[in-house]
Amino acid sequence: MSQHTISCVATVLASLALLSGALARQDGQEAKPPNVILMLADDWGYGDVGVYGGPGYPSSGTLVRTPNIDTLAREGVIFTDYHTANPVCSPSRAALMTGLFPARVGIHTALNSDPKANARSDQVNFLNLSVPTVTEHFQKAGYLVGHYGKWHLGGTKKPPAPPPTAYGIDSAVTFNSNDPDHQLGNESAPYWAGISSTLIVDNALKLIAEAKAQGKPFYLNLWFHIAHAKLDPTLEQLSAYEPECAASALATNQTYCPQQIYWASQTDTDSQIGRLMAALKAQGLYNDTFSVFTSDNGPEDVMAYHNAQGTTGPWRGRKRSLYEGGHRVPFIGHWPDRIAAGRVDHSIIGGVDWLPTAANMAGIPLDDAIIAGLDGEDMSAAFLSAKGSASQAREKMLFWEWRFAVPGHCWNQAPHLAVRNGTWKFLMNADGTRHELYRLQAADSSGQNFELQNLATLYSDVTSALSSELSAWLKTLPKGPAFAARNFGCGTFPMPAACPSAASGCSP
């Protein structure tokens with residue numbers, strides 16, 4: 001038996017042992033399956049959650065306040081190296097639902113309700129019904145399944161996109177879907193965006209009560225509108241950030257500053273998550289629920305929407321960019337008494353991993369053929385590790401494609417393709433030009449994590465190997481849209497020079 005095989009067997013056995021521990025009850029009886037909630041924010045950057053936040057949080061009060069999400073993090077695990085499968089909405093969501101890279105199912109950018117627009121992007125009109133989804137697996141396992149909020153996996157009228165309930169979902173109240181009888185309120189009404197998170201949680205609480213009455217576990221997709229455009233917070237929501245923005249608004253003759261609009265919207269979503277968790281506690285379901293909070297991609301660029309004030313934290317790039325800021329986002333796991341509290345985990349996890357990971361966390365077996373066909377892998381051991389444990393190594397590489405233009409500053413305009421293999425990240429254009437190689441590490445002060453110092457020439461052997469991997473992966477994908485004309489971006493970014501010593505005269 002090879003050393004690699006021994007290592008793989010050991011990893012599998014360790015994962016099974018962790019899962020057995022997670023589902024065991026202290027009284028020795030067989031544990032009931034957990035409830036599962038996937039809370040998916042829209043366009044939240046890596047730094048848009050307090051526990052991931054930048055300088056001054058929470059004492060200065062100048063950054064967004066997310067106390068309820070922060071509580072989930074303190075009681076659970078924070079992942080620092082989670083990546084969406086695409087830097088834009090629909091393909092990112094398709095990966096969460098299917099465990100596949102979205103290009104495999106013909107989704108490359110945001111799906112449009114106009115089939116002509118989808119045709120121009122050379123993509124499908126809706127997620128293929130023949131592709132197994134995470135919701136179908138949970139429904140077949142006896143879960144009551146709900147989906148509330150954004151759908152964006154098909155909304156055409158002709159040809160008619162299937163409603164969300166066609167994908168193994170028992171109850172759905174959505175927007176951006178072809179389900180006119182079950183819409184999440186009136187999107188054109190004043191303050192719809194401001195109350196959208198409340199509407200989503202209202203529907204979730206109804207399904208939770210129904211599941212409890214039926215004696216069933218539940219699976220919930222809660223896919224929030226916030227912080228996607230248009231943002232329309234209520235006056236009460238805006239009042240939470242009046243001190244932070246008063247001077248800025250007066251200086252520009254505005255009633256409200258963009259930061260106030262953005263932060264107020266996010267804080268309300270956080271408040272609704274807090275209301276959901278309080279309800280779970282009141283019904284005795286809090287300890288039996290595995291919850292995850294994350295985002296579909298990085299924050300929107302201010303050139304696309306003036307209230308887009310999200311932060312990527314320390315990462316280069318934004319929405320639509322294959323630099324880290326476009327796809328590295330918050331990812332928090334919470335399951336009291338099962339997930340060790342207060343952990344920070346540096347395992348590399350992708351959106352394609354959600355289906356196999358959620359299934360294993362819930363004790364739902366997947367057929368070997370299903371597992372073999374997935375691009376993602378089971379990363380449940382990363383959730384269930386003891387505090388202080390090493391990160392879970394992944395077996396599969398993560399791949400990305402973005403075939404369209406990237407708005408905003410040239411600094412965010414990454415190449416078309418990217419691959420992550422361990423600490424190495426390699427990017428290039430589809431025609432083989434613009435090689436960029438970076439080494440991403442949990443703790444780094446050299447500028448590598450900012451994707452500033454291109455190591456492609458220095459490590460030519462790694463560049464050659466990963467270039468071959470990317471080219472081979474691209475060939476496995478079905479025909480897709482043509483790649484946009486090369487956008488060379490820009491490689492210069494002013495960084496302060498290091499001060500060698502106080503004696504050199506550069507000390508403060």
Side-chain angles (χ1 to χ4, degrees), residues 12 15-16 18-20 22-23 30-40 84-85 91-102 104-105 107 126-149 151 153-154 162-172 174 177 204 207-208 210-211 214-223 288-292 294 296 331 333 335 338 349-384 395-396:
V12 171
S15 298
L16 290 173
L18 284 165
L19 179 62
S20 299
L23 294 181
E30 183 178 352
K32 59 183 179 181
N35 307 303
V36 179
I37 304 176
L38 176 61
M39 295 173 283
L40 185 66
T84 67
S92 172
R93 294 161 194 269
L96 290 168
M97 287 288 284
T98 66
L100 300 174
F101 293 123
R104 293 205 194 284
V105 293
I107 300 178
F126 49 81
L127 180 61
N128 192 326
L129 283 170
S130 67
V131 180
T133 61
V134 63
T135 45
E136 288 176 333
H137 290 301
F138 274 83
Q139 188 183 60
K140 290 176 182 178
Y143 276 70
L144 191 63
V145 179
H147 184 110
Y148 304 115
W151 177 241
L153 291 173
T165 49
Y167 296 88
I169 296 169
D170 297 298
S171 171
T174 59
S177 68
L207 183 128
I208 290 169
E210 183 179 348
Q214 294 182 23
K216 286 185 173 183
F218 60 81
Y219 175 97
L220 282 172
N221 277 339
L222 304 185
W223 291 7
D288 301 323
T289 301
F290 168 48
S291 302
V292 164
T294 187
D296 64 340
F331 195 72
W335 185 1
R338 302 296 188 268
I349 299 180
V352 289
D353 300 329
W354 173 246
L355 188 157
T357 300
N360 200 24
M361 292 287 279
I364 299 174
L366 299 178
D367 293 341
D368 290 344
I370 293 288
I371 295 173
L374 296 177
D375 290 316
E377 60 185 279
D378 172 27
M379 296 295 290
S380 57
F383 286 90
L384 301 173
E395 297 289 327
K396 300 180 179 180

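- Side-chain N or O atoms of Glu377 include one that pairs as donor or acceptor with a backbone N or O of Lys396 at under 3.5 Å.
- To the nearest 0.5 Å, atom NZ of residue Lys216 and atom CD1 of residue Ile208 are 15.5 Å apart.
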Would Trp354 and Val292 satisfy side chain to side chain contact (heavy atoms under 4.5 Å, CB included), going step by step from the backbone distance to the final call? CA-CA 10 Å; Trp354 173 246; Val292 164; 3.7 Å; yes
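- Listed by chain and residue number, Tyr148, Leu207 satisfy the side-chain contact (heavy atoms from CB on, under 4.5 Å) test with Ser171 (two or more places apart in sequence, or in another chain).
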Set out, in order, the CA-CA distance, both residues' side-chain angles and the distance that settles side chain to side chain contact (heavy atoms under 4.5 Å, CB included) for Leu38 and Leu220, then state yes or no. CA-CA 6 Å; Leu38 176 61; Leu220 282 172; over 6 Å; no
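- Scored by the side-chain contact (heavy atoms from CB on, under 4.5 Å) test, Ser92 finds Thr84, Asp296 as partners (sequence neighbours excluded).
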Determine all donor-acceptor pairs shorter than 3.5 Å in which one atom belongs to a side chain in residues 137-145; sequence neighbours excluded.
| from | atom 1 | to | atom 2 | distance (Å) |
| --- | --- | --- | --- | --- |
| Gln139 | NE2 | Asp170 | OD1 | 2.9 |
| Tyr143 | OH | Pro34 | O | 2.6 |

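- A ring pair (Phe, Tyr, Trp, His ring centres under 6.0 Å) with Phe290 holds for exactly one of Phe383, Phe218, Tyr219; it is Phe383.
- Applying the side-chain hydrogen bond (donor to acceptor under 3.5 Å, both in side chains) criterion to Trp223, with sequence neighbours excluded, gives no partner residue.
- For the 3.5 Å distance criterion, the side chains of Asn35 and Asp288 fail to qualify, holding no donor opposite an acceptor.
- Between Leu222 and Ala204, the shortest heavy-atom contact is CD2-CB, 3.7 Å.
- In this structure, Pro102 and Pro91 approach most closely via the heavy-atom pair CB-O, 3.3 Å.
- In terms of the side-chain contact (heavy atoms from CB on, under 4.5 Å) criterion, residue partners of Leu129 (sequence neighbours excluded) are, by chain and number, Pro162, Ala166, Tyr167.
- Under the 4.5 Å side-chain criterion, counting only non-hydrogen atoms from C-beta, Glu210 is in contact with Gln214.
- Remark: the backbone N or O of Thr357 is not paired with any side-chain donor or acceptor of Asn360 at under 3.5 angstrom.
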Determine, step by step, whether Leu127 and Val105 satisfy the side chain to side chain contact (heavy atoms under 4.5 Å, CB included) criterion, reporting the C-alpha distance in whole Å, the side-chain angles of both residues, the deciding distance to 0.1 Å, and the verdict. CA-CA 7 Å; Leu127 180 61; Val105 293; 4.2 Å; yes
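- Residues Val352 and Leu100 are not in side-chain contact: their nearest non-hydrogen atoms beyond the backbone lie 4.5 Å or more apart.
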Verdict with reasoning, His147 to Thr135, per side chain to side chain contact (heavy atoms under 4.5 Å, CB included): CA-CA 9 Å; His147 184 110; Thr135 45; 5.7 Å; no
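- Between Thr98 and Arg104, every side-chain heavy-atom pair lies at or beyond the 4.5 Å cut-off.
- A donor-acceptor contact shorter than 3.5 Å links the side chain of Asp378 to the backbone of Ser380.
- The CG atom of Asn221 lies 8.0 Å from the CG atom of Leu96; values are rounded to the nearest 0.5 Å.
- Partners of Glu136 by side-chain contact (heavy atoms from CB on, under 4.5 Å), not counting sequence neighbours, listed by chain and number: Pro132, Thr133.
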